[in-house]
Amino acid sequence: MEKITAIRGFKDILPQDSLLFWKVESIAHEVFNSFGYREIRVPIVEKTELFKRSIGETTDIVEKEMYTFADRDNEYITLRPEATASVIRAYIEHNMSSSEQITKLFTIGPMFRRERPQKGRFRQFNQIDVEFFGEEKPQSDAEIIFMLMHFLTRTGLRNLELEINSLGCPDCRPLFSKAVINFLKGSESNLCPDCQRRISTNPLRVFDCKVETCAATIANAPRILDFLCADCENHFSQVQSFLHDLNTPFIINARMVRGLDYYTKTAFEVKTNALGAQNAVAGGGRYNSLVSDLGGPEVPGIGFAVGFERLIACLPEEGSNKFRTDLFIAALGSKAQKTAFSLTNELRRAGVIAEMDYSDKSLKSQLKRADKLNSSFSLIFGDKEIDEKQVLLRNMQTKDQQAVPLDGMLDSIIKIIKER
Ligand code: HAM
């Protein structure tokens with residue numbers, strides 16, 4: 001019969017990687033907690049309108065990449081392409097701004113974008129998303145960037161490059177957009193059809209286009225940093241100064257516009273050289289009008305998201321993602337198997353990672369399985385040992401063996417394993 005495979009761009013996270021996910025998640029909880037963040041879990045499906053209004057109608061995500069469906073009652077719903085919009089929707093819906101001036105939230109889970117799959121790019125991928133509401137001071141920008149770099153380093157990532165930029169505000173960005181439109185006038189024929197259209201709909205998006213001729217054409221365009229108003233310029237220079245104070249190195253990339261329209265002022269990305277073309281492990285920025293644009297109060301915000309699969313792909317191979325077992329019980333004979341069955345499950349109840357074999361295989365093949373399971377100890381016995389009331393505990397690394405009396409065996413094994 002023909003086998004059914006996963007959908008293109010959707011991938012299974014196998015146990016080895018799952019273990020890494022779990023470890024990274026626990027580091028995320030620990031690090032974010034110490035900066036005052038609390039976890040929120042939001043649905044993976046939202047009303048389509050939410051993403052159109054936040055990410056921007058003329059972004060690639062909204063124009064081409066969303067998984068949108070008409071629900072039975074003809075309401076349009078979308079598998080979330082990112083988490084920021086959903087977290088803000090929840091922030092507004094639960095009126096969080098009324099109980100505290102500052103709200104720090106994070107969420108971890110799958111996102112969906114119908115992009116062309118390639119190394120490091122999937123149609124379902126996981127993000128660790130962090131949002132900081134209620135503060136517009138540049139210290140909060142530096143703090144969240146510092147936390148991101150600290151978190152990535154704690155997971156084991158090295159050779160990271162932090163890029164920052166300012167995308168201005170509704171006062172100064174239109175002047176920059178105008179300058180870009182003027183710059184592109186006369187060069188339309190060098191641009192891809194999408195970018196030709198973008199000149200009138202969303203000229204900043206041309207900076208994000210991966211088509212070579214578009215990238216070459218935009219290379220000498222004006223720099224947004226030359227158009228910032230005094231407030232944005234001052235904010236950006238203070239962010240840099242606070243990053244210096246926190247010993248967080250960065251480079252300024254004045255061409256970075258990010259793929260979502262909601263950013264104001266600071267934008268940032270973290271890149272690594274270990275990923276090929278999809279080299280951004282994390283990205284984020286400030287969004288001072290987004291909460292109110294989505295019907296909430298005038299509350300500024302800033303956040304970022306880490307690409308979980310990309311982070312995992314960059315982790316140095318350490319063997320830390322090996323599964324281990326505390327004890328493998330190799331029992332030979334029916335009496336021995338019966339004792340082993342109860343013992344294995346009692347040990348598990350006591351928190352020992354224990355395994356046994358039900359198949360009555362030879363000692364050699366049972367011990368082979370113990371090695372495969374990366375077991376620290378093996379307990380070996382047959383019916384004869386049961387009669388003699390003494391079993392053998394073998395340290396799988398040193399091969400040392402010791403006799404353990406059957407009486408009080410459970411407690412003595414737990415003691416030996418826990419003291420190891
Ligand atoms: P983003 O830059 O679109 O930002 O995504 C953040 C990260 O998600 C990227 O740097 C990348 O590591 C990962 N990522 C994105 N698309 C894919 C994909 N198709 N396959 C694998 N990984 C991917 C946001 O999503 C914003 N919501 C971040 C943010 C939070 N801004 C403010 N708050």
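Computed from a prediction, not measured in an experiment: that's the story for all the values here. Both counts, for ligands and for their atoms, begin at 1 and track the order of listing.
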Under 4.0 Å from one or more heavy atoms of Asp129, ligand 1 contributes atoms 30 (C)
Which option wins on minimum heavy-atom distance to atom 21 (C) of ligand 1: Ala280, Gly120, Gly307?
Gly120
Strictly under 6.0 Å, is that where the ring centroids of Phe133 and Tyr91 end up?
yes
Give the residue and atom name of whichever protein heavy atom lies nearest to atom 4 (O) of ligand 1, and the separation in Å to one decimal.
Arg258 NH2, 2.9 Å
How long is the span from the CG atom in Asn126 to the CG atom in Leu311, to the nearest 0.5 Å?
11.5 Å
Can you name the atoms of ligand 1, numbered from 1 with element, that are less than 4.0 Å from a heavy atom of Ala282?
10 (O)
Nearest 0.5 Å please: distance from the CD1 atom of Ile13 over to the CG atom of Leu19.
12.5 Å
Walk me through whether Asn279 and Asn273 qualify under side chain to side chain donor-acceptor pair (under 3.5 Å).
CA-CA 7 Å; Asn279 60 355; Asn273 52 16; over 6 Å; no
I'd like to know if Asp141 and Arg286 make a salt bridge, using a cut-off of under 4.0 Å between side-chain N and carboxylate O.
yes
Is it the side chain (CB and beyond), the backbone, both or neither of Ile61 that lies under 4.0 Å from ligand 1, heavy atoms counted?
neither
For ligand 1, which atoms have a heavy atom of Gly284 less than 4.0 angstrom away?
31 (N)
Atom 20 (N) of ligand 1 [closest protein heavy-atom partner, distance rounded to 0.1 Å]
Phe122 N, 3.0 Å
Check: of Glu309, Arg80, Arg113, Met111, min heavy-atom distance to atom 25 (O) of ligand 1 comes from Arg113
Taking the six-membered ring for Trp, are Phe122 and Phe10 closer than 6.0 Å centroid to centroid?
no
Interfacing atoms of ligand 1 (cut-off 4.0 Å, heavy-atom, Val281)
10 (O), 12 (O)
Using a strict 4.0 Å cut-off to heavy atoms of Glu131, name the atoms of ligand 1 that fall inside it.
30 (C), 32 (C), 33 (N)
Using the ring centroid of each side chain, check whether His29 and Tyr37 are separated by less than 6.0 Å.
no
Counting distance only, does the side-chain N/O of Thr344 pair as donor-acceptor with the main-chain N or O of Met356 below 3.5 Å?
no
Between Gln127 and ligand 1, which part of the residue brings a heavy atom under 4.0 Å of the ligand: side chain, backbone, both or neither?
side chain
List the steps, then state whether salt bridge (Lys or Arg N to Asp or Glu O under 4.0 Å) holds for Arg80 with Glu82.
CA-CA 5 Å; Arg80 62 180 183 192; Glu82 58 120 41; over 6 Å; no
Can you check which of Phe308, Phe125, Tyr262, Phe106 brings a heavy atom nearest to atom 26 (C) of ligand 1?
Tyr262
Short version for Tyr263: what comes under 4.0 Å of ligand 1, heavy atoms counted, is side chain
Nearest protein heavy-atom contact for atom 19 (N) of ligand 1: which residue, which atom, what distance?
Glu115 OE2, 2.7 Å
Quick one: CG on Asp357 to CZ on Arg369, what's the gap to the nearest 0.5 Å?
5.0 Å
Run through Ile224, Thr264, Val239, Leu225 and flag the one making a side-chain contact (heavy atoms from CB on, under 4.5 Å) with Ser166.
Leu225
Mind checking whether Pro81 contacts ligand 1 via backbone (N, CA, C, O), side chain (CB onward), both or neither, at a 4.0 Å heavy-atom cut-off?
neither
Please state which part of Arg310 comes within less than 4.0 Å of ligand 1, counting heavy atoms only: side chain, backbone, both or neither.
side chain
Part of Glu269 with heavy atoms under 4.0 Å of ligand 1, whether side chain, backbone, both or neither:
neither
Suppose I only count heavy atoms of Glu82 and a 4.0 Å limit; which atoms of ligand 1 are within that range?
25 (O), 26 (C), 27 (N)
